[in-house]
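First the structure, in the form of structure tokens, and then the observations on it.
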Amino acid sequence: MKVKLPDGGIKEYSGAVTPGQIAKEISESLYRNAVGAVVNDQLWDFERPIDFDCELRIIKLSDPEAVEIYRHTMSHIMAQAVIRIYGTDKVKLGIGPTIENGFYYDFDIEGAKITEEDLPKIEEEMKNIIKEDLKIERFEMGKDEAIEFMKNRGQNYKVELIEGIPDEKVTFYRQGEFIDLCRGPHLPSTGKVKHFKLLSISGAYWKGSEKNPMLQRIYGTAFAKKEELDSYLKMLEEAKKRDHRKLGPQLDLFFINTEVAAGMPIFLPYGMAVLGELMTLSRELHKKYGYKEVGTPLIMHEKLWRQSGHWEHYKDNMYFTEKEEITYAVKPMNCPGHILIYNNKPVSYRELPIRLFEFGRVHRYERGGVLHGLLRVRTFTQDDAHVFCREDQMVDEVSNIVRFINELYGIFGFSYRATLSTMPEDHMGEKATWDKATEALRDALEKMGVPYEVAEGEGAFYGPKIDFHVRDILGREWQCATVQMDFQMPERFELVYKDSDGSERRPVMIHRALYGSIERFFGILIEHFAGAFPTWLAPVQAVVLPVSEKYVDYAREVAVKIDEEKIRVELDDRNETLGYRIRENQMKKVPYMIIVGEKEKGLSQISIRTREGKDIQGVRVEEFLSKLKEEITTRSIKSTIE
RNA sequence: GCCAACGUAGCUCAGUCGGCUAGAGCGGCUGACUUGUAAUCAGCAGGUUGAGGGUUCAAGUCCCUCCGUUGGCUCCA
């Protein structure tokens with residue numbers, strides 16, 4: 001039996017061997033730092049025997065693959081602690097997987113409910129288990145035996161899980177008195193990773209279905225090094241500080257009146273200034289990329305929505321209004337409106353592609369529990385467009401959109417991740433059509449050199465799509481842009497164009513939004529920039545501060561000059577000390593403070609204090625203005641005045 | 001909708017075991033000060049303690065219902 005190592009070396013064994021033994025042969029320190037192995041691309045337990053030819057790589061605690069292993073083990077340690085505290089006959093276990101930044105475990109605890117206050121207690125017990133450094137052992141059991149085993153222990157959820165496993169045998173892991181059904185792999189012992197924190201508690205339906213009982217879920221996270229845990233916790237704290245729901249009202253951008261308009265943010269003048277800039281940018285680029293802006297009604301006759309299929313598929317999320325016994329729907333999407341425009345006149349193949357764009361205000365009913373600041377709302381404005389084109393134009397059109405996205409996101413300094421979602425089980429239309437459209441999306445991505453992942457079966461039922469997830473400065477991802485192919489709408493509305501040979505043909509329809517929702521994008525920007533917007537976006541771009549009352553006239557003069565250049569400027573001549581006003585404007589994150597007093601007035605100059613705290617003295621107003629204008633018109637992310 | 005926590009002045013928060021007229025800082029208003037790079041000083045106003053019901057001699061505090069928020073679940077054309 002041959003084992004090939006990453007360095008190309010080959011070790012030969014006559015019988016079964018574990019990664020642990022191999023690691024020990026290589027070096028003692030590797031053995032000590034190892035947590036598992038990758039055997040033929042599969043994660044493998046450190047002490048699980050191998051009895052076949054394979055490629056093997058030892059995973060050290062610091063390797064990326066280790067994360068999954070030790071977090072999974074940590075979830076077992078947590079489950080063990082919970083059982084110790086609440087009693088083995090009281091606790092029924094659900095599932096306990098790793099997730100993006102940590103892990104969770106679901107519990108059904110008889111006669112007790114866990115609250116946040118119980119977390120320290122559970123953490124204590126987890127520390128004990130870690131200290132005990134219990135050996136973690138893997139073993140297999142026949143399915144029937146396993147079911148019997150779990151039945152005896154009253155673990156009905158586990159029984160259900162085992163019944164759902166197709167294999168003949170299932171695997172278990174044991175650490176001390178704790179045994180759990182698990183695919184693994186796990187750490188060799190509970191003492192290997194020490195740095196963890198339990199974060200929160202929530203309810204979670206068994207198997208995610210509302211029909212099933214609700215279990216209690218504990219979320220936690222774990223890291224190999226203390227510094228990593230600390231920096232993750234710090235990131236959470238930083239995210240909390242940047243929370244747009246806090247910064248929004250604080251910076252007078254928007255607020256939400258939950259009594260009369262839950263899920264419907266109210267924008268204040270400063271907030272509208274930012275949204276206005278986002279819209280101006282969007283309009284400029286839409287023009288550049290060949291779109292025509294249109295406007296469609298907020299409410300339209302119910303029959304339109306019956307024809308579009310929304311009535312059937314989306315009614316629960318729609319708002320309605322009625323007058324003179326006619327029911328109107330408040331639009332949840334803009335596509336039917338754009339289709340009316342397409343169908344308004346006969347279309348020739350020469351006119352295609354037709355690209356219709358709208359800042360479409362849509363309303364969608366969302367259940368109360370899901371509303372979240374600007375990110376999950378009941379009304380929002382999409383930078384929505386529909387491209388009607390011939391089949392042979394699909395790749396070019398999608399490429400055009402990708403190019404657009406690159407330019408748009410580049411302005412904010414966002415990188416992104418793209419996912420291509422393919423045909424779901426429940427779909428409409430021919431597989432051949434799906435394949436053609438999916439290929440068009442794929443071709444465009446490849447042509448544009450955009451890396452992407454494929455999400456099999458995740459497409460909308462009416463067509464495949466590409467989603468773009470932007471990554472913000474804290475590394476969090478937000479789904480913004482989406483490009484969706486649609487074969488349903490053209491059918492339902494009998495869209496046609498006259499082809500060169502005189503025949504009538506059906507156009508392809510592409511739905512796409514780039515910001516997604518401008519309000520939501522705004523929310524993301526607030527958090528990304530922590531409220532300190534680049535100058536072009538800042539609600540107030542400069543504020544003029546006279547040192548005292550005596551210089552208010554000069555300050556006003558300066559402010560007028562700035563205002564004449566269409567720069568958003570304010571005069572802060574409140575009867576407060578200079579220090580006080582500086583502090584206030586600093587906290588409002590105004591990019592530039594213009595300070596004028598005796599010195600400046602005499603020389604027709606200004607002093608500038610930047611948001612970063614830099615002090616620049618003796619500048620001519622014109623000089624400042626030309627630099628500031630440059631910074632704004634180029635939409636620079638960084639301050640250029642220093 | 002479901003699970004859990006929370007809801008006191010515009011904001012951030014205190015309020016003990018149920019016990020006097022519910023407090024503080026910031027903010028606001030008024031006045032003084034006339035200010036040179038992150039908070040000048042003084043005075044004043046501001047509350048149906050989310051709403052409703054209950055227990056009690058007595059409720060911000062305990063119980064119930066509702067509303068809302070937060071973290072999740074669910075949903076998401």
Side-chain angles (χ1 to χ4, degrees), chain A residues 94 99 104 106-108 113-119 199-219 236 240 243 245-246 249-250 252 255-260 262-263 305 308-318 332-336 362 364-373 376 421 424 426-428 459-463 465 479 482 484 486 488-489 511 513 545-552 573-588 593-600 607-611 613-617:
Chain A
I99 48 174
Y104 67 79
D106 289 343
F107 304 97
D108 184 343
K113 48 191 173 182
I114 303 173
T115 69
E116 306 261 345
E117 285 155 30
D118 298 322
L119 294 184
L199 298 171
S200 63
I201 278 180
S202 76
Y205 298 107
W206 168 240
K207 287 189 170 172
S209 167
E210 260 171 284
K211 295 182 193 84
N212 289 335
M214 184 167 272
L215 310 180
Q216 285 190 279
R217 175 172 299 178
I218 303 179
Y219 285 92
L236 288 184
K240 216 186 235 171
D243 193 326
R245 291 167 303 179
K246 215 178 156 81
Q250 222 167 65
D252 293 323
F255 66 93
I256 296 172
N257 182 324
T258 55
E259 295 285 308
V260 303
W305 304 101
S308 70
H310 288 90
W311 195 272
E312 204 181 324
H313 293 284
Y314 204 59
K315 196 169 181 222
D316 289 347
N317 285 291
M318 290 166 70
M333 286 175 215
N334 305 297
C335 20
V362 296
R364 297 179 184 178
Y365 173 75
E366 300 280 0
R367 291 154 111 180
V370 306
L371 300 176
H372 182 95
R376 194 66 191 271
S421 299
D426 177 24
H427 62 271
M428 295 182 90
F461 78 87
Y462 55 77
K465 62 174 181 172
Q479 202 235 296
T482 177
Q484 312 189 345
D486 184 353
Q488 279 306 306
M489 288 288 174
H511 304 246
L545 307 178
V547 168
S548 83
E549 221 171 67
K550 281 182 270 181
Y551 313 106
V552 171
D573 59 353
R574 286 177 300 172
N575 185 17
E576 299 285 354
T577 60
L578 183 63
Y580 178 88
R581 285 174 290 149
I582 285 173
R583 181 165 196 274
E584 288 253 302
N585 285 289
Q586 184 82 41
M587 290 196 307
K588 290 283 179 193
M593 287 178 240
I594 311 302
I595 293 159
V596 295
E598 187 64 39
K599 272 184 290 183
E600 290 80 6
S607 290
I608 303 161
R609 184 193 157 99
T610 69
R611 184 160 59 185
K614 263 184 224 137
D615 180 18
I616 309 158
Q617 308 238 355

Would you mind reading off the distance between [X] atom [atom1] and [N] atom [atom2], rounded to a whole angstrom?
| X | N | atom1 | atom2 | answer |
| --- | --- | --- | --- | --- |
| M593(A) | rA39(B) | CE | P | 12 Å |
| K315(A) | rC76(B) | NZ | P | 18 Å |
| Y205(A) | rC75(B) | OH | P | 10 Å |
| Y219(A) | rG71(B) | OH | C1' | 9 Å |
| I218(A) | rC73(B) | CD1 | C1' | 15 Å |

### Query
Is any side-chain heavy atom of I608(A) closer than 4.5 Å to a side-chain heavy atom of I595(A)?
no
Does [Y] offer a backbone N or O that forms a donor-acceptor pair with the side chain of [X] under 3.5 Å?
| X | Y | result |
| --- | --- | --- |
| R581(A) | E576(A) | yes |
| K588(A) | R583(A) | no |
| R364(A) | P332(A) | yes |
| E312(A) | G309(A) | no |

### Euclidean distance for P, rU40(B) against rA45(B) (whole angstrom)
24 Å
### Parallel, tilted or perpendicular, as decided by the 30° and 60° cut-offs, for the rings of H511(A) and Y462(A)
tilted
### Query
Taking only residues two or more places apart in sequence, or in another chain, which ones meet T482(A) in a side-chain hydrogen bond (donor to acceptor under 3.5 Å, both in side chains)?
D467(A), Q484(A)
### Task
Report which part of the nucleic acid Y314(A) touches: base, sugar-phosphate, or nothing (heavy-atom distance under 4.0 Å, all strands).
sugar-phosphate
Which protein N or O atoms sit under 3.5 Å from an N or O of nucleotides 67-70 of chain B?
from    : atom 1 : to      : atom 2 : distance (Å)
rG68(B) : O2'    : T258(A) : OG1    : 3.3
rU70(B) : OP1    : R245(A) : NH1    : 3.2
rU70(B) : O3'    : R245(A) : NH1    : 3.3

### Summary
Given protein heavy atoms under 4.0 Å, the one-letter contact record of nucleotides 30-38 of chain B, with B base, S sugar-phosphate only and - none, is simply ---BBBBBB
### Task
By nearest nucleotide on RNA chain B, pick out whichever of A460(A) and K207(A) is the more 5' one.
K207(A)
#### Entry: N-O pairing of D615(A) and R609(A) below 4.0 Å
no
### Summary
Note on RNA chain B: ranges paired as stems (three or more Watson-Crick/G-U pairs in a row, both atom distances under 3.5 Å) are B:1-7 with B:67-73, B:10-13 with B:23-26, B:28-32 with B:40-44, B:50-54 with B:62-66
### Message
Among residues at least two apart in sequence or on other chains, which ones pass side chain to side chain contact (heavy atoms under 4.5 Å, CB included) with I114(A)?
### Response
Y86(A), I109(A), D118(A), I122(A), I201(A), Q216(A), I218(A)
Between the protein and nucleotides 4-13 of chain B, which nitrogen or oxygen pairs are less than 3.5 angstrom apart?
none

